[in-house]
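Single-structure report; data block below.
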Amino acid sequence: ERVAPAVVGITARRGRAEPFIGTGTIIDPSGLVLTTVTVVPKDAWQIRVFLRGGKVLPGRLVLVKEEKELALIRIGQSGAKADFPYTPLGDSREVSIGDAAFTFGNAFESIESDDQITLGEGLVSGIYDLTQGDLLSESKYVGPVFETSAPLNDGMDGGPLIARDGSVIGLLILGYSKNRWLGTAIPVGELKPLLGS
């Protein structure tokens, strides 16, 4: 109940290709949305953000760090007072293998089509580094990840990995270890310096 209102669906376009579709998380009340470059690439346009309740807002790209798979967009009008529901960033340094973990997202465009956030429950099943040998064409990230046994389905990349206390501990990505084949998330500690937090 606390997390779901801050989870959004996102579509973005680049050229004449099919739209990019995924998930984002509002991380502060001013309307900053954390997602990945596989959802909103650096040259994206016509970014649309789908909130619970059927509201659709335009998004503006404010930060891209491709090597960290990070995209940050802003919703709402510039300079206008905003009070969006949000989910705070947690402390990924406190995460251990075996901790409860939850995936939230826009699997198969569930937010756009029926106003439903998808939720998966599992554990942090591994903590390791993705390497060049693990790279998929959609994902360029190498570095520390949390592996999770919680489901990560199509459209959930860019969404949050959530700890039991309701804080964001990771950013769900498309990369995975070819030896293990489970969903992975970039620890928020890797991203906080880029977000100024």
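K68 places no side-chain N or O within donor-acceptor distance of the main-chain N or O of L194, the cut-off being under 3.5 Å. Checking side-chain atoms of T184 against main-chain N and O of V145 turns up no donor-acceptor pair under 3.5 Å. Looking only at distances, no side-chain donor or acceptor of S139 sits under 3.5 Å from a matching main-chain atom of L135. With hydrogens and angles ignored, the 3.5 Å screen pairs a side-chain donor or acceptor of T148 with a backbone N or O of A150. Under a 3.5 Å cut-off, the side chain of S110 and the backbone N or O of Q116 do form a donor-acceptor pair. Of the possible donor and acceptor atoms, none in the side chain of N153 sits under 3.5 Å from a partner among the backbone N and O of M156. Using a distance-only test at 3.5 Å, with no hydrogens or angles considered, no donor-acceptor pair links the side chain of T103 to the main chain of L152. Judged by distance alone, with hydrogens and angles left aside, the side-chain atoms of Y176 form no donor-acceptor pair with the main-chain N or O of N179 at under 3.5 Å. The backbone N or O of I111 sits less than 3.5 Å from a side-chain atom of N106, completing a donor-acceptor pair. With hydrogens and angles disregarded, a donor-acceptor distance shorter than 3.5 Å links the side chain of T23 to the backbone of G155.
Heavy-atom minimum distance, I75 versus G59: CG2-CA, 4.3 Å. Smallest separation of non-hydrogen atoms from V40 and A44: CG1-CB, 3.9 Å. For the pair T25 and V8, the tightest heavy-atom approach, listed with the atom from each and the gap, is N-CG2, 4.4 Å. Minimum interatomic distance between A100 and F102 (heavy atoms only, all atoms of both residues): CB-CE1, 4.2 Å. Shown here for E94 and D99, the closest heavy-atom pair between the two residues is O-OD2, 3.9 Å. Looking at every heavy atom in both residues, K192 comes nearest to G90 through NZ-O, 2.7 Å.
Rounded to the nearest 0.5 Å, atoms CD1 (I73) and CG (L61) are 7.5 Å apart. D115 contributes atom CG, which lies 13.5 Å from atom NZ of K55 (distance to the nearest 0.5 angstrom). The CD atom of E69 lies 8.0 Å from the CG atom of L171; values are rounded to the nearest 0.5 Å. One distance of note links CG of L130 with OG of S177; it measures 7.0 Å at 0.5 Å rounding. Considering CD1 of I26 and OG1 of T35, their distance stands at 12.0 Å, rounded to 0.5 Å. From R164, atom CZ reaches atom CD of E121 across 7.0 Å, with rounding to the nearest 0.5 Å.
For the residue pair E147/S125, the side-chain donor-acceptor check at 3.5 Å is satisfied.
Linking ILVMFWY side-chain heavy atoms closer than 4.5 Å, directly or via other members, places V49 and V3 in two distinct hydrophobic clusters. When the side chains of ILVMFWY residues are joined at heavy-atom separations under 4.5 Å, either directly or via intervening members, I186 and V7 end up in a single hydrophobic cluster. When the side chains of ILVMFWY residues are joined at heavy-atom separations under 4.5 Å, either directly or via intervening members, F50 and L119 end up in a single hydrophobic cluster. The hydrophobic clustering, which links ILVMFWY residues whose side-chain heavy atoms are closer than 4.5 Å, places L89 and L191 together. In the hydrophobic clustering of ILVMFWY residues, with side-chain heavy atoms under 4.5 Å counting as a link, F104 and L72 come out together.
Within the 4.5 Å cutoff, side-chain heavy atoms of F20 are placed close to those of R14. Using a 4.5 Å heavy-atom threshold, the side chains of R52 and I117 count as touching. The side-chain heavy atoms of P58 and R48, taken from C-beta on, include no pair separated by under 4.5 Å. Put simply, the side chain of I27 does not reach to within 4.5 Å of the side chain of Y86, judged on heavy atoms.
Few gaps surround NZ on K178; more than 12 heavy atoms of other groups in view lie less than 6.0 Å from it. Heavy atoms of other residues, nucleotides or ligands lying less than 6.0 angstrom from CZ of F84 number more than 12.
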Discussion item. Using side chain to side chain contact (heavy atoms under 4.5 Å, CB included), reason through L51 and L57 one step at a time and then give a plain yes or no.
Written reply: CA-CA 8 Å; L51 284 73; L57 296 175; 4.1 Å; yes
Discussion item. Between I21 and E109, does the side chain to side chain contact (heavy atoms under 4.5 Å, CB included) criterion hold? Intermediate values first, please.
Written reply: CA-CA 8 Å; I21 297 167; E109 300 177 69; 3.5 Å; yes
Practice prompt. List the steps, then state whether side chain to side chain contact (heavy atoms under 4.5 Å, CB included) holds for L161 with V168.
Written response: CA-CA 6 Å; L161 184 66; V168 179; over 6 Å; no
Item to complete: Dump the intermediate steps for side chain to side chain contact (heavy atoms under 4.5 Å, CB included) on I10 and I47, then the final yes or no.
Response: CA-CA 7 Å; I10 300 173; I47 302 167; 4.2 Å; yes
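Evaluated for a side-chain contact (heavy atoms from CB on, under 4.5 Å) with V37, the options L70, V64, D157 yield exactly one hit, V64.
Ion pairing between K140 and E67 fails under the 4.0 Å rule for side-chain N and carboxylate O.
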